[in-house]
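Input: a single structure, listed below in structure tokens.
Chain letters run A, B, ... following the sequence lines, proteins first, then strands; residues in each count from 1. Because only heavy atoms are used, hydrogens play no part in the values below, and waters and symmetry mates are left out as well, while side chains stay in. Small disclaimer: the values here were computed from a predicted structure and weren't measured.
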Number of protein chains: 2
Amino acid sequence: MAVTIRDVALQAQVSVSTVSRALSAPGLVKEATRQRVLDVVAGLGYQPNRAARSLITGRTGNLGIVVPDLLNPFFPSVLRGVQTKAGEAGTSVFFCDSREDPDTEAELVRTMAAQVDGVVLCASLLSDDTIVELAAMTPLVLINRIVPGVSSVLMDSASGMDQVVAHLESLGHEDYTYLGGPAAAWSNGRRIQGLAGRARLLGSFEPNFNGGYAAAEQALGTGATALICYNDLIALGALAYLAAHDVKVPEQISVTGFDDILYATMCSPALTTVHMPTEAAGEVAVDLLASLLDGGPAEHRELPTTLVVRASTTRRPGA
Amino acid sequence: MAVTIRDVALQAQVSVSTVSRALSAPGLVKEATRQRVLDVVAGLGYQPNRAARSLITGRTGNLGIVVPDLLNPFFPSVLRGVQTKAGEAGTSVFFCDSREDPDTEAELVRTMAAQVDGVVLCASLLSDDTIVELAAMTPLVLINRIVPGVSSVLMDSASGMDQVVAHLESLGHEDYTYLGGPAAAWSNGRRIQGLAGRARLLGSFEPNFNGGYAAAEQALGTGATALICYNDLIALGALAYLAAHDVKVPEQISVTGFDDILYATMCSPALTTVHMPTEAAGEVAVDLLASLLDGGPAEHRELPTTLVVRASTTRRPGA
DNA sequence: TTGAAAGCGCTAACAA
DNA sequence: TTGTTAGCGCTTTCAA
């Protein structure tokens, strides 16, 4: 077996409790003793057994994150933020992908709950009630979702959408269609709010490339001069459909996305979209979780979004 | 506190050992007893404490994966495969992103080692020696890397590269340039092997969009009629550079990628690239890890790659 | 087929 | 400032 706290105690000629304290409550040990212990620890390469520690403290030192779709670049970026912040605190992170399925999502959170100190739930498709129930089971922080009494961090969709519409109107557009995401997605509702009735609503579509391709097909008949998409993946799908049908973007029709994933810069035309501070959101979520674990109250943070104007939007044809 | 094994024992009127056996060694318990225990377990919603179990068995029921860059869509896809397979066995997965830094990578594996049953190391930038050392510390499975004595699963780059070159030659190309990835990346060496001296070598470049943009700038002077890129992200960067400088792809110059990330279908022109079975690789890695944990020997698996011809390649100009 | 009891490695009273 | 000791919740001998 690996080296235990007793080996360290023996070699440092102190009791196990002194070793334990030297490591986790340095203030309670005489400096000289502490140094001796630390030397032995380093020499032996001792690493405390997390299971044993966890058994006593009730803390695991782990946290979990569940996202709807790892293949949407939006989410790995959130993961990265979570890992960065958690890593600083020596916390490890479990991940899970619910594949856009609410039942799987709830199941995953329940499973995780047993082995983490808390979980970050991203773009949840669950009902408010289920979320509240889950939050009673384990410290929970929501990303891009608001449920009363549950901590959350929001990348402000409504304001982002507002910027999109303002941008299109400044270009003379008057008739635009919103290609909506999943009905169960809270962000979708939020974006529709941001539209404030100023757009024709279509959808719901799957929030991925194929969904966008299908969406564009439906949208083309509406006579809209601009397509506002639920997210970049849908926008990219729409772009592909339009290209395949010789509809020029942005000359004939403008297209906007949401999220500002890496691809939004790479595609052609580059996508006008709303930038979301994904990594920052992940980091803030970890902070909120930490404050929850310290016994703090549920908190809500809002992160600003910014419209990034690229090549997929231009003046309304004939305007 | 949560419900413990004693609560179950009490209510089922058996000893704790019987409960334990009913749960983890059903054969050793009379069927009727077992059923009674199971009923109580369900009724109470009992979940065994993993820390306590782990303390005794020495197994954590967790595994870890470290990848160089979560923002490269190639890796989330591997993650997904790992999670899928691990989830089936009730195993949870820790993830870490090394940000393309070998020191960080080694550090992450060492940290993980203490709290997982094994780790999957993806596209490692470490030296063979370090990897061997790590493998002595914890069960280890490599993805896209071969080190003698260490389990690994390979998506066959050399053959993929061979297909790329054969494809270009069938289109009449004679002069092509390879835009290389990181020198420390084993896959890069492997791909160069696959080229078998048939291409001009340029690089190394960062394996991302910016790297590709810079790479194309250098490559344009070489007079090559085709650019073979280390990965799709580099190819995408190259595409962007070429578009910005009015070089028509594929009319003036053909471009190929590697990995077949989702975006390779979405870009314009859609990218001719080598499809990598990423999710499958993740799943196989988990299998290999499991066999390692069962005391099996280090194994090596190779997964086939296939060239996917899309719109970014065509006949050599003037051919 | 079952139960009693001894720990796994650690932390946290409680004493000294 | 340090040591002694009693468990945390579970699995696994060993006996019955």
Side-chain angles (χ1 to χ4, degrees), chain A residues 1-41 44-62 90-92 113-117 138 293, chain B residues 1-41 44-62 90 92 111 113-117 138 293:
Chain A
M1 267 317 274
V3 26
T4 79
I5 201 174
R6 309 186 57 128
D7 302 322
V8 177
L10 224 60
Q11 185 165 336
Q13 318 222 52
V14 294
S15 72
V16 292
S17 22
T18 300
V19 176
S20 174
R21 282 188 285 249
L23 260 26
S24 39
L28 300 179
V29 177
K30 191 165 63 171
E31 180 52 27
T33 319
R34 197 181 73 94
Q35 200 49 61
R36 186 148 42 92
V37 171
L38 259 34
D39 287 349
V40 175
V41 163
L44 260 35
Y46 167 71
Q47 281 197 285
N49 179 313
R50 314 233 327 190
R53 175 178 284 178
S54 156
L55 193 50
I56 278 206
T57 61
R59 288 272 190 111
T60 62
N62 302 329
T91 303
S92 305
Q115 47 195 317
V116 298
D117 296 334
T138 184
L293 292 176
Chain B
M1 269 316 275
V3 27
T4 80
I5 199 173
R6 308 186 58 130
D7 301 322
V8 177
L10 225 57
Q11 184 164 339
Q13 317 223 52
V14 293
S15 70
V16 291
S17 18
T18 298
V19 176
S20 174
R21 280 189 284 252
L23 258 28
S24 39
L28 299 180
V29 178
K30 191 164 64 171
E31 181 52 28
T33 320
R34 196 181 74 93
Q35 200 49 59
R36 185 150 40 93
V37 171
L38 260 33
D39 287 349
V40 175
V41 164
L44 259 36
Y46 168 70
Q47 280 197 287
N49 178 314
R50 316 238 319 194
R53 174 177 285 177
S54 156
L55 194 50
I56 282 206
T57 60
R59 289 270 189 111
T60 62
N62 302 330
S92 306
T111 308
Q115 46 195 318
V116 299
D117 295 335
T138 186
L293 292 176

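- Taking atom CG of A/Asn49 as the reference point, atom C1' of D/dC8 lies 13 Å away to the nearest angstrom.
- Just one residue in the list B/Arg34, B/Arg36, B/Arg21 forms a side chain to side chain contact (heavy atoms under 4.5 Å, CB included) with B/Val14, and that residue is B/Arg36.
- Distance CZ (A/Arg6) to C1' (D/dG3): 13 Å, rounded to an integer number of Å.
- For the pair B/Arg59 CZ and D/dC10 C1', the computed distance is 17 Å after rounding to whole Å.
- The distance between atom NZ of B/Lys30 and atom C1' of C/dG3, rounded to the nearest whole Å, is 14 Å.
- For A/Leu55, counting side-chain heavy atoms from C-beta on, the closest listed nucleotide (C/dG3, D/dC8, C/dT2) is D/dC8.
- Rounded to an integer number of Å, the gap from A/Asp7 CG to C/dC8 C1' is 14 Å.
- Pairing each heavy atom of A/Ala22 with each of A/Val37, the nearest pair is CB-CG1, 3.8 Å.
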- request: I would like to know whether A/Leu28 and A/Thr18 meet side-chain contact (heavy atoms from CB on, under 4.5 Å); could you show each step before the answer?
  value: CA-CA 9 Å; A/Leu28 300 179; A/Thr18 300; over 6 Å; no
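- Atom-to-atom distance recorded for A/Ser15:OG and A/Arg6:CZ is 11.0 Å, nearest 0.5 angstrom.
- Over its full length, the helix from C/dT1-D/dA16 to C/dA16-D/dT1 turns its helical axis through 30°, comparing axes from the five pairs at each end and rounding to 10°.
- Judged purely by distance below 3.5 Å, without hydrogens or angles, the side chains of B/Ser17 and B/Ser20 never pair a donor atom with an acceptor atom.
- For the side chain to side chain contact (heavy atoms under 4.5 Å, CB included) with B/Ile5, the qualifying choice from B/Asn49, B/Leu23, B/Val41, B/Val19 is B/Val19, the only one to do so.
- Whole-Å rounding puts the B/Arg50 CZ to D/dG9 C1' distance at 14 Å.
- Taking every heavy atom of both residues into account, B/Val8 and B/Val3 meet most closely at CG2-CG2, 4.4 Å.
- Judged by distance alone, with hydrogens and angles left aside, the side-chain atoms of A/Asp7 form a donor-acceptor pair with the main-chain N or O of A/Thr4 at under 3.5 Å.
- Whole-Å rounding puts the A/Leu28 CG to C/dT11 C1' distance at 12 Å.
- The list of salt bridge (charged side-chain N to carboxylate O under 4.0 Å, His left out) pairs with a residue in residues 46-59 of chain B, not counting sequence neighbours, is empty.
- Heavy atoms of B/Ser54 sit nowhere under 4.0 angstrom from any nucleic acid atom.
- Between B/Gln115 atom CD and C/dC10 atom P there is a gap of 14 Å when expressed in whole angstrom units.
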Protein heavy-atom contacts under 4.0 Å, written 5' to 3' over nucleotides 11-16 of chain D as B (base), S (sugar-phosphate only) or - (none), form the string BBB---
